[in-house]
Amino acid sequence: MISLKDRLTELLVNNKLITQDQLDEALLAQKEKGGKLSEIVVKLGFIKENELASLLSEGLGLPLIDLKRFKIDYEIVKIIPMDVARHYQIIPVSRMGNTVTMAMADPLNIFAIDHVKSLTGYKINPIIATSPDILQAIDLAYPDSSGNVINDLVKELADSSVEFVKENRKSAPSDTELKRVSFEAPIIRITNMILEEGVKKKSSDILIEPLDKKLRVRYRIDGVLHEEPAPPKSMHQSIISRIKVMSDLNIAEHRLPQDGRFKVRLGQREVDFRVSVLPSSFGEKIALRILDKQQAMLDIEKLGFSPGAIEKLKKMVKYPHGMILVTGPTGSGKTTTLYSILKFVDSPEKNIVTVEDPVEYQLSGINQVTARPEIGLTFAAALRSILRQDPNVIMIGEIRDYETVDIAIKSALTGHLVLSTLHTTTSCGAVVRLVNMGVEPYLIDSSLICVVAQRLVRKICSYCKEEIVIKKEIIDALKLNLEGSKKPVFYKGKGCKQCFSSGYSGRVGISEILILTPAIRELVLKQAQEHALKQQARKEGMRTLREEGVKAVLEGQTTLEEILRVTAPDE
């Protein structure tokens with residue numbers, strides 16, 4: 001069996017890419033220090049990495065792939081563990097039937113091919129990629145591949161440079177010094193590592209918070225905050241300054257809140273970050289909202305709602321005019337639902353305009369306006385101008401005051417489909433809230449089509465999902481409606497590397513949809529209370545948030561604890 005070393009030696013000499021003396025020097029270096037011959041000839045500068053890959057491709061008759069330009073299906077990557085991929089410098093890139101195409105730095109390594117065959121049961125089709133490209137792809141593909149890198153980097157910085165420059169200053173560093181430090185390599189590296197970790201762990205927010213004696217870094221993953229190892233407190237001001245520089249914020253302003261945004265590229269992905277800087281008693285705190293377009297599923301079918309709820313929603317959004325409200329607490333996915341509806345109703349025949357604060361995702365073919373209250377461009381002011389733009393569909397990021405809701409309802413009454421959000425916990429509560437804001441019941445009756453209340457619940461990790469038993473006494477005490485299930489089956493996640501030991505991976509939406517039927521409209525005109533509206537809606541088939549949640553539990557999507565966490569007994 002020919003080895004890569006022998007074949008490489010033959011190809012290099014026959015093609016006269018290196019001299020015999022250079023080859024002897026490389027072989028001597030390999031004998032003294034170990035390592036792969038391919039890496040040594042590149043390190044010594046005898047040949048470039050891409051030239052070496054092209055040579056192997058031609059000499060071995062195997063295709064060459066540029067992983068930087070190839071979009072890898074990360075679901076395929078999961079068929080082999082990260083340590084195996086890194087050990088052999090391999091990464092699966094695609095699957096066709098029972099054959100997996102695998103990029104390899106050493107395509108003649110029969111041990112690697114046999115190992116992957118035995119692990120997966122698939123046939124292996126080897127192709128060639130450069131070693132650095134494979135290692136970079138591994139870092140991007142496996143969510144925990146650099147989990148310990150930040151620990152090592154922080155330890156390295158803390159043990160060497162941080163302690164060295166630490167001084168007992170009575171005054172803070174000057175703004176000029178902070179700006180200079182923010183461009184130094186260690187600060188750039190540690191800041192980039194924090195951002196990269198947030199994206200890899202699919203977190204929605206990163207919080208960098210100065211405490212009394214330490215710096216705290218937390219990631220919000222699937223709606224729950226997780227604290228991670230953080231740099232030393234002495235690096236806090238430099239990291240904040242680095243993020244301000246990236247966001248084009250005023251680096252000299254430390255007393256007032258600031259907002260900005262920036263964009264980074266991770267491999268083939270472009271990720272937007274929305275930045276909020278808030279002065280606190282121990283220094284400036286930064287909240288970074290990650291707007292990852294790859295994670296955003298702007299598809300009405302992928303919201304996670306039950307099939308019945310999706311069908312109702314599709315029917316309602318096809319109305320030519322009227323108002324649809326989406327309600328729920330902060331972080332419950334209201335904006336994602338609105339964007340998904342916009343994508344569903346979008347067509348070349350419709351003029352769609354939105355006013356948001358701020359615009360989270362740029363939607364192709366849709367006119368999006370950012371509200372700027374500081375210069376007088378409020379939701380209400382923007383709406384007045386939008387109505388002169390001949391719109392068919394209007395989306396308002398949030399209804400906050402009577403002026404905005406008044407214009408929104410009048411727009412719905414004059415032939416526009418209006419979509420917006422409202423901060424109430426239930427769908428029936430939205431009707432009562434509108435009345436409390438000063439809207440006349442007859443206007444609600446004439447304009448409102450339906451109200452969607454929603455929550456996001458964490459999904460059980462598919463890698464460590466296991467069946468559990470819940471005692472009947474607990475089910476009875478919680479007064480759960482199990483819909484006549486003879487023997488309900490419950491699941492939970494045990495916790496594994498894929499879900500960072502949480503037992504959950506990803507989130508799914510649950511919803512209740514209040515449709516304003518004739519009976520509901522009659523109650524609205526009578527200014528009925530929320531419980532009366534809810535009672536009538538349930539008679540007409542509305543499923544509450546708690547009922548939808550229990551259904552998701554019985555379907556094995558989430559856990560009972562998660563439903564109890566996000567819904568109240570009366571929801």
Side-chain angles (χ1 to χ4, degrees), residues 71 261 263 269-272 274 289 291-328 332-371 377 379 382-399 404 407-422 447-454 456 507-509 511 513 515-516:
K71 188 175 181 180
R261 62 192 304 151
K263 181 183 292 186
R269 303 163 68 180
E270 280 194 353
V271 183
D272 289 317
R274 201 172 76 210
R289 168 63 56 88
L291 304 172
D292 188 353
K293 293 178 182 177
Q294 282 198 3
Q295 298 300 325
M297 297 182 294
L298 304 181
D299 185 342
I300 203 168
E301 298 282 357
K302 296 179 180 178
L303 291 173
F305 297 168
S306 66
I310 289 174
E311 286 306 310
K312 285 182 183 178
L313 190 55
K314 283 182 176 180
K315 184 179 178 181
M316 295 298 105
V317 299
K318 288 179 181 177
Y319 276 48
H321 54 80
M323 185 163 67
I324 296 174
L325 295 177
V326 181
T327 72
S332 59
K334 299 186 296 297
T335 303
T336 300
T337 298
L338 287 180
Y339 279 159
S340 300
I341 292 172
L342 288 181
K343 293 291 285 183
F344 180 73
V345 302
D346 185 26
S347 70
E349 296 80 26
K350 291 182 179 177
N351 178 16
I352 301 177
V353 187
T354 76
V355 53
E356 307 167 59
D357 184 18
V359 173
E360 292 198 7
Y361 294 104
Q362 296 288 343
L363 301 178
S364 178
I366 293 174
N367 308 285
Q368 296 172 272
V369 178
T370 299
L377 186 60
F379 280 115
L383 273 173
R384 290 191 189 95
S385 297
I386 286 171
L387 289 173
R388 293 193 286 271
Q389 293 285 320
D390 187 34
N392 299 103
V393 181
I394 302 170
M395 188 194 98
I396 307 165
E398 182 185 346
I399 289 177
T404 304
I407 299 173
I409 285 179
K410 287 175 181 175
S411 302
L413 291 172
T414 53
H416 306 89
L417 180 63
V418 179
L419 311 173
S420 189
T421 67
L422 194 65
S447 61
L448 192 60
I449 301 172
C450 74
V451 183
V452 181
Q454 69 177 71
L456 289 176
R507 288 190 289 179
V508 66
S511 66
I513 300 181
I515 298 174
L516 270 78

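Please read all numbers here as calculations on a predicted model, not as lab measurements.
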Exercise for the section: Would you indicate whether Lys314, at its atom NZ, is surrounded by more than 12 heavy atoms from other residues, nucleotides or ligands within a distance under 6.0 Å? Expected result: yes
Practice task
Measure the spacing between CD1 of Ile352 and CD1 of Ile366 and express it to the nearest 0.5 Å.
Solution key: 4.5 Å
Fill in the blank from the handout: Taken to the nearest 0.5 Å, the spacing of Ile409 CD1 from Ser447 OG works out to 4.5 Å
Practice task
Indicate yes or no: at least one non-hydrogen side-chain atom of Asp299 is less than 4.5 angstrom from one of Lys343.
Solution key: no
Exercise for the section: Could you grab the distance from atom CE of Met395 to atom CD of Gln368, nearest 0.5 Å is fine? Expected result: 7.0 Å
Handout entry: Heavy-atom closest contact (Leu377 atom, Thr370 atom, distance)
Key = CD2-O, 3.4 Å
Handout entry: Main-chain N/O of Ile396 paired with Ser420 side-chain donor or acceptor, under 3.5 Å
Key = yes
Problem - Under 3.5 Å: donor-acceptor pair, side chain of Lys334, backbone of Gly328 - result: yes
Handout entry: Smallest separation among heavy atoms of Val345 and Val317, with atom names
Key = CG1-O, 3.7 Å
Practice task
Measure the spacing between CZ of Phe305 and CD1 of Ile513 and express it to the nearest 0.5 Å.
Solution key: 7.0 Å
Exercise for the section: Determine whether the side chains of Thr337 and Gln454 contain a donor N or O and an acceptor N or O closer than 3.5 Å. Expected result: yes
Practice task
Could you check Leu448 against Leu325 for side chain to side chain contact (heavy atoms under 4.5 Å, CB included), going step by step and ending with a plain yes or no?
Solution key: CA-CA 8 Å; Leu448 192 60; Leu325 295 177; 4.0 Å; yes
Practice task
State, to 0.1 Å, how close Met316 and Ile324 come at their nearest heavy-atom pair, and which atoms those are.
Solution key: O-CD1, 3.9 Å
Exercise for the section: Indicate yes or no for a side-chain donor-acceptor contact from Asn351 to the backbone of Asn392 under 3.5 Å, with no hydrogens or angles considered. Expected result: no
Practice task
Please assess Met323 against Ile449 for the test side chain to side chain contact (heavy atoms under 4.5 Å, CB included), listing each intermediate value before the final yes or no.
Solution key: CA-CA 6 Å; Met323 185 163 67; Ile449 301 172; 5.9 Å; no
Problem - Within-4.5 Å side-chain heavy-atom neighbours: Ile394 and Ile386 - result: yes
Handout entry: Contact check, side chains of Arg384 and Ile407, non-hydrogen atoms, under 4.5 Å
Key = yes
Handout entry: Approximate separation, where rounding is to 0.5 Å, of Lys315 NZ and Ile515 CD1
Key = 7.0 Å
Problem - Within-4.5 Å side-chain heavy-atom neighbours: Thr354 and Val369 - result: no
Practice task
Evaluate the criterion side chain to side chain contact (heavy atoms under 4.5 Å, CB included) for residue pair Lys312 and Ile310; output intermediate values, then yes/no.
Solution key: CA-CA 5 Å; Lys312 285 182 183 178; Ile310 289 174; over 6 Å; no
Practice task
Could you tell me the separation between the OG atom of Ser411 and the CG atom of Leu383, rounded to the nearest 0.5 Å?
Solution key: 6.0 Å
Exercise for the section: Please report the C-alpha distance between His321 and Leu417 in whole Å, then the side-chain angles of each, then the deciding distance to 0.1 Å, and finally whether the side chain to side chain contact (heavy atoms under 4.5 Å, CB included) criterion is met. Expected result: CA-CA 4 Å; His321 54 80; Leu417 180 63; 5.6 Å; no
Problem - Whether Thr421 side chain and Gly397 backbone form a donor-acceptor pair below 3.5 Å - result: yes
Practice task
For residues Phe344 and Lys318, determine if any side-chain heavy atom of one lies less than 4.5 Å from a side-chain heavy atom of the other.
Solution key: yes
Practice task
Locate the shortest heavy-atom distance separating Leu303 from Ser340; write the atom from each residue and the value.
Solution key: CD2-OG, 3.5 Å
Handout entry: Nearest heavy atoms of Val418 and Ala408, plus distance in Å
Key = CG2-O, 3.7 Å
Exercise for the section: For Glu356 and Ala371, indicate whether the former's side chain and the latter's backbone hold a donor-acceptor pair under 3.5 Å. Expected result: no
Exercise for the section: Could you tell me which non-hydrogen atom of Thr404 sits nearest to which non-hydrogen atom of Glu398, and how far apart they are? Expected result: CG2-O, 4.4 Å
